[in-house]
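A short worksheet on the structure shown next.
Every value quoted in this text rests on a predicted model; they were computed, and no experiment measured them. Numbers restart at 1 for each chain; the letters A, B, ... are given by sequence-line order, proteins then strands.
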2 protein chains.
Amino acid sequence: METLLPKLDSVFSTDCVIFGFQANELKILLIDRNEEPYKGWRALPGYIVGQDESIDDAAERILYELTGLRGLHMEQFHTFGDVDRHPQGRVITVAYYALIRIDGQQELKPVTNFARAAYWHPVKDLGKLPFDHQKIFETGFRKIRRRLSYQPIAFELLPEKFTLTQLQTLYEAILNRKLDKRNFRKKMLSYGFLKELDEKQKGVSYRAAKLYRFDRRKYNKIFQNDLSVEG
Amino acid sequence: METLLPKLDSVFSTDCVIFGFQANELKILLIDRNEEPYKGWRALPGYIVGQDESIDDAAERILYELTGLRGLHMEQFHTFGDVDRHPQGRVITVAYYALIRIDGQQELKPVTNFARAAYWHPVKDLGKLPFDHQKIFETGFRKIRRRLSYQPIAFELLPEKFTLTQLQTLYEAILNRKLDKRNFRKKMLSYGFLKELDEKQKGVSYRAAKLYRFDRRKYNKIFQNDLSVEG
DNA sequence: ACAAAAGTGTTGCACGTACACCCATGT
DNA sequence: ACATGGGTGTACGTGCAACACTTTTGT
């Protein structure tokens with residue numbers, strides 16, 4: 001595309017904060033960088049946006065190239081543009097988040113060699129992250145938490161069949177506080193989009209819990225109005 | 001700043017959606033562009049971010065240069081990055097909003113000649129805006145509306161002394177629906193940050209209403225917790 | 001006196017919160 | 001039998017929504 005605009009040595013990138021839930025723990029997707037700067041560091045998956053792709057498209061492509069995951073619904077949540085956030089020049093990054101179901105099947109495997117590996121890492125104890133990735137993560141986490149308070153988005157993170165206790169544990173992990181079991185169940189069931197299955201948990205050494213499935217159709221019917229107001 | 005990054009012909013800009021309230025109408029700040037493309041068009045105040053300034057700083061500087069206003073608290077709300085949003089090249093824009101009090105004193109006067117004029121314009125009937133400014137405005141408006149539902153941010157827009165009816169009219173303008181007078185007053189007064197003055201409205205041909213002042217100290221005490229959770 | 005807006009209370013409902021015990025299952 | 005989590009109901013307080021008439025003031 002031809003440009004009549006002043007040429008600036010500026011670069012856009014996207015960074016992704018992808019949340020998952022595994023072993024009763026909230027996790028995010030990280031990569032091991034294989035390029036300078038910060039070669040060898042754990043970092044958020046992120047890379048430079050191409051000239052002829054929208055930022056949304058770029059976010060999806062980049063996530064795929066670095067982790068092998070694709071087709072997930074990501075949402076932009078903030079843009080970080082401090083002058084010195086990247087040691088090699090001016091890089092403004094648009095941050096996205098997504099909530100996904102961690103699936104034993106799906107393989108995490110970078111398809112470029114910019115990343116050496118991709119894996120789930122508990123949000124507790126992330127350790128030191130490069131650039132301003134710590135801040136990006138925290139901002140994204142805060143947004144998710146706030147959003148959960150007016151929209152039950154947690155189902156995105158759970159396996160197809162789950163128990164109410166698992167759901168509650170997840171809420172507690174995101175909100176970082178204990179919830180009352182009776183109140184929690186009452187509220188979740190009152191929404192009407194949880195379908196009780198004729199099936200129970202297996203392999204536990206105590207009373208097995210009922211399994212539920214999330215009924216996306218009913219959910220959409222209930223929350224379409226709210227979503228349409230959402231920005 | 002030296003860069004080792006690939007050079008791309010990419011440009012960042014910021015655009016501002018500044019809300020004000022005047023003559024019982026919700027307005028936003030627009031400029032008349034004095035440069036191509038869209039020379040002569042009404043547009044959101046926006047311009048290109050410099051190499052060595054953060055986006056937040058740039059937003060403040062640019063708003064000042066185009067309108068003469070400065071020192072207001074702007075908040076980033078979304079980044080727009082479609083490939084073809086600017087006819088002359090790839091320009092990604094970070095959008096900000098702010099709510100301010102329209103003050104008879106303050107002069108709206110561009111200090112660069114990129115803008116020919118700056119003025120308040122009703123949000124109803126904005127007419128055709130260049131680029132994707134229509135979409136930027138709508139997104140910002142939606143964010144403000146959502147935010148008003150959990151935080152009484154409307155005071156930023158009112159003069160120092162105001163009546164409860166004015167406050168209600170403003171709420172109705174933002175939310176785009178009628179509110180119940182009794183419920184509205186009860187709720188606003190219950191917050192405790194409205195200070196009743198020993199003064200009444202003047203120059204009206206009907207019963208004069210009491211004037212109130214917004215007590216920012218009490219407001220902060222009440223809402224600091226919510227704000228700290230905010231992203 | 002009339003027009004125009006100011007000002008004022010009550011009731012019902014929905015929702016959140018606090019709180020404690022018995023049940024089913026595997027070992 | 002025991003340990004472990006599964007599962008259940010009530011009572012109270014808060015906040016929101018619905019609703020209509022009297023009061024004050026300027027002309």
Side-chain angles (χ1 to χ4, degrees), chain A residues 23-25 145-146 148-152 154 158-159 161-213 222-223 225-226 229, chain B residues 23-24 145-146 148-152 154 158 161-213 222-223 225-226 229:
Chain A
N24 277 346
E25 259 192 320
R145 199 179 293 137
R146 169 171 286 269
L148 187 65
S149 71
Y150 60 85
Q151 218 180 97
L158 289 174
K161 302 173 183 179
F162 53 86
T163 69
L164 290 178
T165 300
Q166 277 164 9
L167 182 58
Q168 183 175 344
T169 306
L170 171 54
Y171 264 75
E172 290 175 344
I174 298 177
L175 300 175
N176 197 28
R177 61 191 167 94
K178 284 284 167 200
L179 300 173
D180 180 85
K181 186 160 60 161
R182 278 175 291 192
N183 293 337
F184 181 79
R185 284 162 182 247
K186 212 184 317 166
K187 184 173 170 185
M188 284 300 143
L189 293 174
S190 78
Y191 286 133
F193 53 61
L194 288 186
K195 190 177 174 192
E196 187 180 329
L197 302 177
D198 279 338
E199 216 175 327
K200 297 201 166 176
Q201 223 178 2
K202 281 188 179 139
V204 290
S205 69
Y206 47 82
R207 177 176 177 179
K210 279 182 206 158
L211 290 171
Y212 289 80
R213 183 196 305 273
I222 298 167
F223 284 93
N225 297 330
D226 285 27
V229 177
Chain B
N24 277 347
R145 198 178 294 135
R146 171 172 285 271
L148 187 65
S149 71
Y150 60 85
Q151 217 179 99
L158 289 174
K161 301 171 182 181
F162 53 87
T163 70
L164 289 179
T165 300
Q166 278 164 8
L167 182 59
Q168 184 176 343
T169 307
L170 171 56
Y171 264 75
E172 291 176 342
I174 298 177
L175 300 176
N176 196 30
R177 61 191 168 94
K178 286 281 166 203
L179 300 174
D180 179 85
K181 186 159 61 158
R182 279 175 289 191
N183 293 336
F184 181 80
R185 285 162 181 249
K186 212 184 320 165
K187 184 173 168 182
M188 284 301 144
L189 293 173
S190 78
Y191 286 134
F193 52 60
L194 288 187
K195 189 176 176 190
E196 187 180 329
L197 301 177
D198 279 337
E199 215 174 328
K200 295 201 167 177
Q201 222 177 2
K202 278 183 184 145
V204 290
S205 70
Y206 47 79
R207 175 175 178 181
K210 279 181 206 157
L211 290 170
Y212 289 80
R213 181 198 304 276
I222 297 167
F223 284 92
N225 297 331
D226 284 28
V229 177

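- The shortest distance between the side-chain N/O atoms of A/T165 and the OP1/OP2 oxygens of D/dG5 is not below 4.0 Å.
- A/K210 comes within 4.0 angstrom of the backbone, heavy atoms only, and of no base.
- With hydrogens and angles ignored, a donor-acceptor pair closer than 3.5 Å exists between the side chain of B/K181 and the base of C/dG7.
- Of the two residues near DNA chain C, B/S205 and A/V204, the one whose nearest nucleotide lies more 5' is B/S205.
- A/K186 places its NZ atom 12 Å from the P atom of C/dA18, with the value rounded to the nearest Å.
- Straight-line distance from the CD atom of A/E172 to the C1' atom of D/dG5: 14 Å, rounded to whole Å.
- A donor-acceptor contact shorter than 3.5 Å links the side chain of A/R145 to the backbone of A/I174.
- Atom CG in A/D180 sits roughly 13 Å away from atom C1' in D/dT10 (whole-Å rounding).
- The two residues B/Y191 and B/K187 have their closest heavy-atom pair at OH-CE, 3.2 Å.
- For A/R182, whose side chain is taken as the heavy atoms from C-beta onward, the closest listed nucleotide among D/dT25, D/dT8, D/dA20 is D/dT8.
- Protein atom CZ of A/F184 is 14 Å distant from nucleotide atom C1' of D/dG7, rounded to whole Å.
- Atom OH in B/Y171 sits about 11 Å away from atom P in D/dC16, given to the nearest Å.
- As rounded to whole Å, 13 Å separates atom C1' of C/dG12 from atom CG of B/N183.
- Of all heavy-atom pairs spanning A/R146 and B/Y150, the tightest one is NH1-CE1, 2.9 Å.
- For B/N24 and C/dA5, the CG to C1' distance is 13 Å, given to the nearest whole Å.
- Nucleotide D/dT24 holds its C1' atom 17 Å from the NZ atom of B/K202, rounded to whole Å.
- Nearer to the 5' terminus of DNA chain C, by closest-nucleotide assignment, is the contact made by B/L189 (compared with the other of A/R207 and B/L189).
- Of the possible polar contacts, one joining the A/Q168 side chain to the A/L179 backbone as a donor-acceptor pair under 3.5 Å is found.
- The nearest pair of heavy atoms linking B/K161 to B/Q166 is O-OE1, 4.3 Å.
- Among the protein residues, B/S190 comes within range of no part of the nucleic acid, since none of its heavy atoms lies under 4.0 Å from any strand.
- Heavy-atom distances to DNA chain D give each of B/Y191 and A/T163 a nearest nucleotide, and the one nearer the 5′ end belongs to A/T163.
- Applying the 4.0 Å criterion to OP1 and OP2 of D/dG7, one finds that A/R185 has a side-chain N or O inside that range.
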